[in-house]
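Structure record follows, encoded as structure tokens.
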Amino acid sequence: MPRWALIVMSGSILASLFISLIIVWSKFGAHPLRRSSDVGPQHVHREGIARTGGFAIVFGLLCGVTLASVRSGGNAQLMWTLVAIGVPIFGAGVSEDLLGRVAPRWRYYASLASASLAFIAVGAHLNRVDIAMLDAYLVTLPISFIVTVFCVAGVAQAYNIMDGKNGLSAGLALVAFYGIGMAAWGVRDFSLAGFAFACAGAMMGFLLLNYPRGLIFLGDGGAYLSGFYVATLAVLLVVRQPGISAWYPLILTIIPVLETVVSFVRRL
């Protein structure tokens, strides 16, 4: 890993950890204006735990992207555009964390909105899956748009579904971000690498308090945002680097995807 990547990750780790500590100390979001009950088999803590870890992720990401814009030599405009397109999905998720009154369909619509912005603003359009029969259809822009938006929004939902045990969703996101960052750095795509390392650092800073004791929760805002960025960066890696197999990012996200499929079948 290059020195600049270590600086980016270190900055985002410290920033994320700092905000996490403030949230834990203040218990911000531990007793939100929710109408849902905290009684159930998944609730094992004796007292309220903050569900607003998404703010720590965002703050760590902002600090990491600031450092990456200066240190990595990548396209700063691309990185800040990526930050901006995550606003709808994070806003819907964190509103649910604080209020508990945002219907699932509205959160899904927000994920579709962010995925659409990714397609339009940064060119995150899935144009190949390295299966010739399917790739022949993905060259058509409307089909590529539908498939990309569905997949990106689906992965964002998948990471939220996985967020049921301390460290699980955030840990998987950390592995995916680091894997994407190393692959992007290997092909000298410093824009993607810088953003991925900033995301990885933000997840790591949060995990220092989330795992194993669960002093802070990722919440819908943090889970949706991390899943969205994993999916968006995975698509951009495939689009921008034809030499990288489309199966590589799929392997990095396979556990949340399979968990979502299994959950869907089980609920049926």
Side-chain angles (χ1 to χ4, degrees), residues 1-23 52-87 89-91 93-94 114 117-118 121-122 124 156 159 167 169-211 216 218-219 221-237 240 249 252-253:
M1 180 186 293
R3 182 179 177 183
W4 63 262
L6 291 173
I7 294 174
V8 169
M9 285 193 66
S10 297
S12 55
I13 288 171
L14 291 174
S16 179
L17 177 59
F18 175 71
I19 298 300
S20 295
L21 286 169
I22 292 178
I23 293 173
T52 48
F55 286 108
I57 301 301
V58 168
F59 192 77
L61 174 62
L62 291 175
C63 290
V65 169
T66 300
L67 291 171
S69 299
V70 176
R71 293 277 184 172
S72 69
N75 184 346
Q77 182 179 354
L78 172 62
M79 288 187 272
W80 287 110
T81 303
L82 283 169
V83 171
I85 63 177
V87 170
I89 192 169
F90 175 73
V94 81
S114 285
L117 288 173
V122 297
Y159 272 85
S169 183
L172 290 171
L174 170 60
V175 172
F177 284 132
Y178 187 77
I180 293 172
M182 289 302 292
W185 171 63
V187 293
R188 303 184 66 79
D189 191 336
F190 300 127
S191 302
L192 284 190
F195 194 88
F197 287 135
C199 289
M203 303 308 298
M204 189 176 295
F206 163 81
L207 277 168
L208 292 175
L209 294 181
N210 173 252
Y211 181 83
I216 183 173
L218 199 56
Y224 281 132
L225 190 68
S226 59
F228 168 71
Y229 280 135
V230 166
T232 301
L233 293 181
V235 172
L236 284 174
L237 185 65
R240 291 162 63 95
L252 291 175
T253 59

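For reference, positions follow the sequence shown, starting with 1.
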Verify, without hydrogens or angle tests, whether [X] (side chain) and [Y] (backbone) share a donor-acceptor contact under 3.5 angstrom.
{"X": "S12", "Y": "C63", "value": "no"}
{"X": "S226", "Y": "A173", "value": "no"}
{"X": "S16", "Y": "G60", "value": "no"}

Where do Y224 and L218 land on the side-chain contact (heavy atoms from CB on, under 4.5 Å) test, with the steps shown first?
-> CA-CA 9 Å; Y224 281 132; L218 199 56; over 6 Å; no

To the nearest 0.5 Å, what is the distance between [atom1] ([X]) and [atom2] ([Y])?
{"X": "L209", "Y": "S20", "atom1": "CG", "atom2": "OG", "value": "5.5 Å"}
{"X": "F197", "Y": "F177", "atom1": "CZ", "atom2": "CZ", "value": "12.5 Å"}
{"X": "L192", "Y": "T232", "atom1": "CG", "atom2": "OG1", "value": "10.5 Å"}
{"X": "L207", "Y": "L17", "atom1": "CG", "atom2": "CG", "value": "11.0 Å"}
{"X": "L237", "Y": "I180", "atom1": "CG", "atom2": "CD1", "value": "6.5 Å"}
{"X": "M79", "Y": "L62", "atom1": "CE", "atom2": "CG", "value": "13.0 Å"}

Contact between [X] and [Y] at the side-chain level, heavy atoms closer than 4.5 Å - yes or no?
{"X": "V58", "Y": "I19", "answer": "no"}
{"X": "T81", "Y": "Q77", "answer": "yes"}
{"X": "N75", "Y": "W80", "answer": "no"}
{"X": "T253", "Y": "Y159", "answer": "yes"}
{"X": "L82", "Y": "L236", "answer": "yes"}
{"X": "L78", "Y": "R240", "answer": "yes"}
{"X": "Y211", "Y": "F206", "answer": "no"}

Shortest non-hydrogen separation from G181 to A193 and the atoms involved | O-CB, 3.6 Å

Write down the atom of L252, the atom of V175, and the distance for their closest heavy-atom approach.
-> CD2-O, 4.4 Å

Do C199 and L61 pass the side-chain contact (heavy atoms from CB on, under 4.5 Å) test, and can you show the C-alpha distance, the side-chain angles, and the key distance before you say yes or no?
-> CA-CA 6 Å; C199 289; L61 174 62; 3.6 Å; yes

Are the aromatic rings of F195 and Y229 close, with centres under 6.0 Å apart?
-> yes

